[in-house]
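A quick write-up on the structure given underneath.
Numbering of ligands and ligand atoms starts at 1, following listing order.
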Amino acid sequence: MKKRIELVTAVIGAGAQVTGCRFGPDALIASGIVAALRDAGHAAFHDAGRSAVRDLSCDADPAQAAQAADKMATVSAFTPRLADTVRGVVANGRFPLVLGGDHSCAVGTWSGIADAWHATGRIGLIWIDAHLDSHTPQTSDSQAPHGMPLAALLGHGAPALTDLYDWRAKLLPQHVVVIGARSYEPGEMALLQRLGVRVMDIDEVERRGLNACVAEAIDIVSRGTHGYGVTFDLDAIDPGDVSAVGSPEARGIGADAAVAALRGFAGDARLLGFELVEYNPELDDAARRGAAVCRELVMAALGTDATAGAPPHAAAGYAPLAA
Ligand SMILES: [Mn+2]
């Protein structure tokens, strides 16, 4: 059974310091990712109206990008819109594939998915990233919201990000694994360690291999949960393979190794959603290598023979969509 995939575009860059990743979702759609999923046998679609959530503040006011207070206000306004859209996708029995955008969009994506499944149980999350994204406003020097989404999902940070749907801690620490971290501040690692989140840093990835880390991560995030999601920050990849990110960090995961490891998710019915963020087409090379790697990562993770998860519940307020 193939997945019924709805691609949701999270068009936002205001959460980052380099905001060109707001062009990433549309560039990936234009690169043919929907057709590629269909060719792989999935029922995939993207509705440029209903399944696109857009923040255009950076276009309207370039100076906005530099102003921390405005960034948080912008992200706080965007997040519930994205959450509601993604929640609706799940409630309609579709598999959400979210294309960012800066990583602040993860708060909307996983709050929406967590709430959609909340009647059934908890979700787990595998966070693949060069960074920990676990700042709170108290620990962040830059105040950039894309450095805060994991903390917010764990219930720490600005209430506008932690309290969507009037409940906090969309993720429990024992249901979260971070893979590939190599650049972070002490405050965010201190939070994750205090909470007991399993962090597989780049040293561990290099020592054990990414496949082994992913396999253990699936085991952890599946334990006691209804299923799990994956959020993949493109900056997890080594800058030598992909330059098209706003916060590159040396000594990353090889693109080929990442594609191979993501095949570990294909066909796993416990996979409830997939998110790919931080692709910045303004920083891509002439051959569009970054976009190509993004497509390969998505295709590897979703595979060609995966089964769709059952709809969580016939949620009130979500009319069934025509196929
Ligand atoms: Mn990130």
Side-chain angles (χ1 to χ4, degrees), residues 10-22 24-25 28 55 65 71-72 75 78-79 82 98-111 125-137 139-154 156-158 161 170-171 176-185 187-189 191-192 197-202 205 210 213 217 229-239 241-253 255 258 262 273-280 283 290 293-294 297-298 301:
V11 181
I12 184 168
Q17 289 158 295
V18 180
T19 62
C21 55
R22 71 189 187 279
L28 293 175
D55 170 66
K71 284 173 169 299
M72 184 55 89
V75 168
F78 177 87
T79 298
L82 177 62
V98 179
L99 303 175
D102 74 72
H103 216 164
S104 71
C105 70
V107 180
T109 296
W110 302 106
S111 293
L125 187 62
I126 299 176
W127 194 285
I128 305 175
D129 200 324
H131 310 96
L132 294 177
D133 290 2
S134 294
H135 274 297
T136 64
T139 64
S140 172
D141 289 335
S142 74
Q143 293 293 309
H146 78 153
M148 306 178 184
L150 180 52
L153 287 164
L154 290 162
H156 297 266
L161 302 185
K170 302 302 188 296
L171 302 170
V176 175
V177 177
V178 179
I179 299 179
R182 56 194 185 273
S183 174
Y184 46 82
E185 276 76 53
E188 39 182 357
M189 182 59 101
L191 174 64
L192 295 186
V197 171
R198 178 79 161 89
V199 176
M200 301 176 180
D201 64 13
I202 198 67
V205 172
L210 186 60
C213 290
V230 178
T231 185
F232 194 105
D233 189 321
L234 192 60
D235 66 30
I237 302 290
D238 191 87
D241 285 350
V242 172
S243 61
V245 293
S247 309
E249 304 291 348
R251 213 183 141 215
I253 298 165
L262 290 196
F274 189 85
E275 180 180 56
L276 180 67
V277 302
E278 297 276 352
Y279 169 60
N280 183 337
L283 301 174
V293 169
C294 287
L297 292 168
V298 168

Roughly how far apart are D129 CG and L234 CG, rounded to 0.5 Å? 10.5 Å

Any side-chain heavy-atom pair from I253 and I202 closer than 4.5 angstrom? yes

Could you identify the N, O or S atom of H103 positioned closest to the Mn ion (ligand 1)? ND1

With the Mn ion (ligand 1) as the reference point, give the N/O/S atom of D129 that is nearest. OD2

Counting backbone and side chain alike, does H131 bring an N/O/S atom below 2.8 Å of the Mn ion (ligand 1)? no

Verify the distance test for D133 against the Mn ion (ligand 1): any N/O/S atom under 2.8 Å, yes or no. yes

Report the C-alpha distance between V293 and D241 in whole Å, list the side-chain angles of each, state the deciding distance to 0.1 Å, and finish with yes or no for side-chain contact (heavy atoms from CB on, under 4.5 Å). CA-CA 9 Å; V293 169; D241 285 350; 5.8 Å; no

Is the distance from the Mn ion (ligand 1) to some N, O or S atom of D233 under 2.8 Å? yes

Nearest 0.5 Å, please: how far is OG in S134 from CE in M189? 9.0 Å

Checking side chain to side chain donor-acceptor pair (under 3.5 Å) for the pair E275/T231: CA distance, chi angles, key distance, verdict? CA-CA 5 Å; E275 180 180 56; T231 185; 2.5 Å; yes

